[in-house]
Trainee: 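Below are the structure tokens for one structure; questions will follow.
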Amino acid sequence: MKLVERAVEQEALESALAACGAGRGATVLVEAAVGCGKSELLARVAERAAFQGAVVLRATGSAAESGLPLGALSQVAAGAPPGALDPRHQGAGGRGESMELFSSAVRRLAGQGPVVICVDDWQHADHLSRHYLLHLAHAARTAGILLVLARSLDGREADPVLDTELIRLPRLVRLRLSPLSPVAVAELLRDEGIEDEEAHRGIHHASGGNPLLVRALLDDLRGAPEDTRPQQDGAFGRALLACLQRNGSGTVELANALAVLDDLATPGHAAALAGAPVSRTARMAEALGAAGLLDGVRFRHPAARAAVLDRMAPAHRTALHRTAAAVVHADGADAPAVAEHLVAARDVSRPWAVPVLRSAAAQLLCAGRPRRALACLELAGEGIDDASARHDNRLGLAEIASRIDPGDAELRLSAALEHARARRTGPAGTSALARLLIGQGRLDEAEEVLGLLDADDRVIVDDRVTGGDAVTGGDAVTAGDRASVYRGPCAEGARTDPLDGLAAFPRRAATRRHQAPHERHGTSGVPGATREHPAGPGAAPWLLPDGSPAAAAAAAEAFLRGSSAGRATIEPTVQALRTLLYLGGAVRALPWCRDLVEETERRASPGWGVLLRTLHAEALLRQGDLDGAEREALAALESVPRSPGSATMCGVTGVLMRARLALGRTDSVAAELARPVPETLLGSVHGLAYLRARGQFHLATSRHHAALGDFLEIGRRMRRWGLDRPVVLPWRTDAAEALYRLGESAQAERFVTQQLATPDAVDPWVQGISLRLRATLQEPRKRQALLARATEALRRSGDRYELARALGDFGNALRDCGESARAAMVNRTAWHLADECGAHPLRNTVTLVGSPPAPAAPPVTASFAELAEQLSDSERRVAALAVRGDTNKEIAGKLFITVSTVEQHLTRAYRKLGITRRQDLPVELQLIAAEV
């Protein structure tokens, strides 16, 4: 690498060489921080002098040999002609005469031609050699002798006598090398073909302009040209460690202390760790700063600090962290800073350690650093002796772990549950455990825990679970008033529950493995049947509000506007998002899903992100965006370790499998189902999604009895928990579909009838899927009318996949009634919708007249929004009804206009859209029909 920004120094050395050649002696002192190029400059001088015919004598000081008398001078003499110099020759007058003898020998040698003596690392040369050379410098004024001495500025105190003698030398030229400027570094990098200015700035910052470190960074770049970051285990790390070693005694100890202290480094703190006086520590830190290794008392780049930490012996590093914890705590550092050293040292021996660790955990959580908070609380647990306090700490660990990994959080709660079962916890700890189990959807286990409490202690749901607002639909609940929390449709309609009517059939369909042990003998004598299903005490956080869906959705949205995923618990946010999704619709929920997922990513809370991504995937699924639902569910699964023992992850997997089934990826669903999943996990709220997906897989593979068993099990659990809301999980229509395929039409009709009798039947999505199933059981004319209502409702819901299913059935019904032209139009729309969703299995079931249309790309000039903009409001309404298959007469009746007006609007719409017939109307326009 060429020398840059050294022109002044090279010119001064050339002048000194010229004077030497002319018989005039001189001394040049080159000073520089370690790694800043003094050795390279010295080598250039020696090379240049040799080229000009001078005798070049060289030596290098060494800290290890600084106590060896005349060690450096012996190196100088070794380069002279044999017998010309003997520094160990003792004169009769002692050391003074010996120095004069050596000086005379060098002058005699200079009488034959110029002599250049180069001594590197002058500061490490032994004391006697330095006296000899300084004596020579004084005596060489009129001889062709040039002494070039190079020393590192390492922060050590110089010998005042020798230093004074040095600077009083006649004809002394003093050169001080500075680190390279950004301009010089950029010049070097351009010579290597690196033109990126950002890389120039980054390399200068990391190296501090130290030429040795710049060269090392270039070496790393040659090995990995796409990565301009310094490598702690590459050439950069090795060069930095070499600089520290060469900088003299105490520097490595200082670097170790600074690396351990990091942000809390001060000269005083570093001195305490390094066991050195503060004044000396400050000088050494200043020298390392001049060398470009430090910026103040901090390493300029994390890779530099990491390289120092890596080379430290583990025991020494632990001891330094232990000392650092005490030093910074005594100095009043905040809890997270002290805790970092306690965790690194695994030290809870001091009386203040546990309180500091617990305080740090709370602060780190607020700062969005849950992994460090977890580490603090885990260490605090090692220092807690009280059993009740240990239980509280375990619950705190589970709560923090839920932000990072749901599977880990569930395992931690399971361990706490065993302690509670052994009655090793008090009422407060037991209630807190129940609250966390409820938050994880483990309602049966929560009820079991609450059963361990006395009646006076069963305060089980507080504002931390419900959020204390209208979103959850309830206030604080006790065991005594839990029956009043929620009275869903099952409570009032228990006598007409279709489950009670399956007196013989479930003995074939719903096998015992699909039933909870305490449910296998219901009050009606039917396996799994129960009579009354108020909300359980733990169900409140999972309930959707009663009353107006629009008001509940508005309240949920208002709550989300004033909240974030960074709050203390995620449950209120999740419940508000569920309320918005199921009562306000997927379109309103999707932006919130995206924003909240991004918030959890910023706050490093992937465990909370799993819950939000699952809702995001469900919202996408309810819009018919199958690829998007699959993508989001996979992102949730990949964001945390895949644990087979996680109920939460079962819920994610359930959404993923449903999306893949609709996409026709049955083999991948079978592979998911082959993963071992303990049946106990399916007893959680999250497990219901898995059961539903498994049931739908059984339907797709013609295992109708197994499918029915899964759907009935969902119904039993939802009713037992008081969470039976078709808008969340329409298990009755799922079961009805299985019954229909088994030939049990009457039983299927009872399930559909009850679902349509629930308050949720006003929801267009529930209404649409229910009417579609009911139509399956009717004769053609009645089926046609029901399917027309179903498609109308599903258009309003925005679910393109379910709409495609209903339209496919509608087209078949029209064909059966002899309306072939209208059937062709409806089936064409169903085919395109299914194709847009990626639901190829559904698309392939749609009966089309003629060849299936190729899935055409949308016109270049017309997106969906642009299509709507091209048409007037009247034209858009007419075209929307036409594209879904309505006749001109039906359109006229719905819009209260004449058939002639309909025809005129269609003609103008054809002209604006560049088409000539009704069949060419863009399928996307059918989505507008929901507004008509």
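Numbers here simply count residues along the sequence, with the first being 1. Side-chain atoms are counted along with the backbone in the values below, which use heavy atoms only and exclude waters and symmetry mates.
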Trainee: Does the side chain of Arg358 pick up a donor-acceptor pair with the side chain of Asn393 at under 3.5 Å?
Mentor: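 Note: Arg358 and Asn393 side chains meet the donor-acceptor criterion.
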
Trainee: Does Phe236 offer a backbone N or O that forms a donor-acceptor pair with the side chain of Asp220 under 3.5 Å?
Mentor: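 Answer holds: yes.
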
Trainee: Is there a donor-acceptor pair closer than 3.5 Å between any side-chain N or O of Glu410 and the backbone N or O of Ala647?
Mentor: yes

Trainee: What is the distance from atom CG of Asp295 to atom NE2 of His301, rounded to the nearest 0.5 Å?
Mentor: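 The NE2 atom of His301 is 13.0 Å from CG of Asp295, to the nearest 0.5 Å.
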
Trainee: List the steps, then state whether side-chain contact (heavy atoms from CB on, under 4.5 Å) holds for Trp608 with Val574.
Mentor: CA-CA 9 Å; Trp608 285 4; Val574 168; over 6 Å; no

Trainee: Identify the two heavy atoms, one from Val278 and one from Gly268, that lie closest to each other, and give their separation to 0.1 Å.
Mentor: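 Result for this residue pair: CG2-CA, 4.2 Å.
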
Trainee: Is it the case that the side chain of Asn210 and the backbone of Val34 share a donor-acceptor pair, with hydrogens and angles ignored and the cut-off at 3.5 Å?
Mentor: yes

Trainee: Go through the steps for Thr579 and Phe559 under the test side-chain contact (heavy atoms from CB on, under 4.5 Å), then give the verdict.
Mentor: CA-CA 11 Å; Thr579 299; Phe559 174 83; over 6 Å; no

Trainee: With the side chain counted from C-beta on, respond yes when Leu577 and Thr573 share a heavy-atom pair under 4.5 Å apart, and no when they do not.
Mentor: no

Trainee: Give me the ring orientation class for His686 and Trp542: parallel if the planes are under 30° apart, tilted from 30 to 60°, perpendicular past 60°.
Mentor: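 Plane angle over 60°, so perpendicular.
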
Trainee: So, the side chain of Asp386 versus the backbone of Ser388: is there a donor-acceptor pair under 3.5 Å, distance only?
Mentor: yes

Trainee: Under a plain distance cut-off of 3.5 Å, with no hydrogens placed, do Gln363 and Ser359 share a side-chain donor-acceptor pair?
Mentor: yes

Trainee: Search all heavy atoms of Ala361 against all heavy atoms of Leu377 and return the closest pair with its distance.
Mentor: CB-CD1, 4.1 Å

Trainee: Please name the pair of heavy atoms, one in Glu445 and one in Leu417, separated by the smallest distance, quoted to 0.1 Å.
Mentor: OE2-CD2, 3.6 Å

Trainee: So do the side chains of Val655 and Glu632 get within less than 4.5 Å of each other, counting heavy atoms only?
Mentor: no

Trainee: Start with the C-alpha gap between Arg346 and Thr318, add the side-chain angles, then the distance that decides, and say whether side-chain contact (heavy atoms from CB on, under 4.5 Å) holds.
Mentor: CA-CA 8 Å; Arg346 306 303 301 172; Thr318 298; over 6 Å; no

Trainee: Would you mind reporting whether Leu691 and Arg717 have side-chain heavy atoms less than 4.5 Å apart?
Mentor: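 Sidechains of Leu691 and Arg717: in contact.
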
Trainee: Looking at Glu378, Glu418, Glu399, which hits salt bridge (Lys or Arg N to Asp or Glu O under 4.0 Å) with Arg412?
Mentor: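 Output: one option passes, namely Glu378.
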
Trainee: More than 12 heavy atoms of other residues, nucleotides or ligands under 6.0 Å from CZ of Arg372: yes or no?
Mentor: no

Trainee: Whether Glu599 and Arg602 form a salt bridge (side-chain N of Lys/Arg under 4.0 Å from carboxylate O of Asp/Glu) is what I want to check.
Mentor: yes

Trainee: Starting at CG of Leu581, measure out to SG of Cys593 and round the result to the nearest 0.5 Å.
Mentor: 6.5 Å

Trainee: Should Arg394 and His419 count as side-chain neighbours, where that means a heavy-atom distance under 4.5 Å?
Mentor: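 Result yes, sub-4.5 Å side-chain heavy-atom pair found.
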
Trainee: So how far is it from Thr266 OG1 to Asp331 CG, rounded to the nearest 0.5 Å?
Mentor: 7.0 Å

Trainee: Between the side chain of Arg300 and the main-chain N/O of His205, is any donor-acceptor distance below 3.5 Å?
Mentor: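 Yes.
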
Trainee: Is the His616-Trp592 ring centre distance short of 6.0 angstrom?
Mentor: no

Trainee: Is any side-chain heavy atom of Leu379 closer than 4.5 Å to one of Val354?
Mentor: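 Not touching, per the 4.5 Å side-chain cut-off.
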
Trainee: Passes salt bridge (charged side-chain N to carboxylate O under 4.0 Å, His left out), Glu601 versus Arg613? Steps please.
Mentor: CA-CA 11 Å; Glu601 290 174 347; Arg613 284 185 184 276; 2.4 Å; yes

Trainee: Does the side chain of Pro370 reach to within under 4.5 Å of the side chain of Leu365, using non-hydrogen atoms?
Mentor: yes

Trainee: Output yes when a side-chain donor or acceptor of Arg603 lies under 3.5 Å from a complementary backbone atom of Cys366, and no otherwise.
Mentor: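 Looks like yes, one N/O pair under 3.5 Å.
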
Trainee: Using modelled atom types and a 3.5 Å cut-off, is there a donor and acceptor pairing between side-chain atoms of His341 and backbone atoms of Arg322?
Mentor: no

Trainee: How long is the straight-line distance from OG of Ser402 back to CG of Leu374, given to the nearest 0.5 Å?
Mentor: 10.0 Å

Trainee: Please assess Arg390 against Asp385 for the test salt bridge (charged side-chain N to carboxylate O under 4.0 Å, His left out), listing each intermediate value before the final yes or no.
Mentor: CA-CA 7 Å; Arg390 279 201 307 272; Asp385 296 325; 5.5 Å; no

Trainee: Under 3.5 Å, is there a donor-acceptor pair between the side chain of Thr600 and the main chain of Val597?
Mentor: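 Yes, because the side chain of Thr600 sits within donor-acceptor range (under 3.5 Å) of the backbone of Val597.
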
Trainee: To the nearest 0.5 Å, how far apart are CZ in Arg578 and CG in Leu544?
Mentor: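 Answer for the CZ-CG pair, Arg578 versus Leu544, is 5.5 Å.
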
Trainee: How long is the span from the CG atom in Leu596 to the CD1 atom in Ile570, to the nearest 0.5 Å?
Mentor: 7.0 Å

Trainee: At their closest point, which heavy atom of Ala326 faces which heavy atom of Arg350, and how far apart are they?
Mentor: CB-NH2, 3.6 Å

Trainee: What are the two closest heavy atoms between Ile384 and Ala389, and how far apart are they?
Mentor: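 For Ile384 and Ala389, the tightest heavy-atom pair comes out as CG2-CB, 3.5 Å.
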
Trainee: So Ser605 and Ile404, do their side chains get closer than 4.5 Å, heavy atoms only?
Mentor: no

Trainee: Quick one, Leu611 with Thr648, criterion side-chain contact (heavy atoms from CB on, under 4.5 Å). Give me CA distance, side-chain angles, the key distance, then yes/no.
Mentor: CA-CA 8 Å; Leu611 299 174; Thr648 304; 3.6 Å; yes

Trainee: Hey, does Leu244 have a side-chain heavy atom less than 4.5 Å from the side chain of Leu254?
Mentor: no

Trainee: Show the nearest heavy-atom pair for residues Leu364 and Cys376, with the distance to one decimal.
Mentor: CD1-SG, 3.8 Å

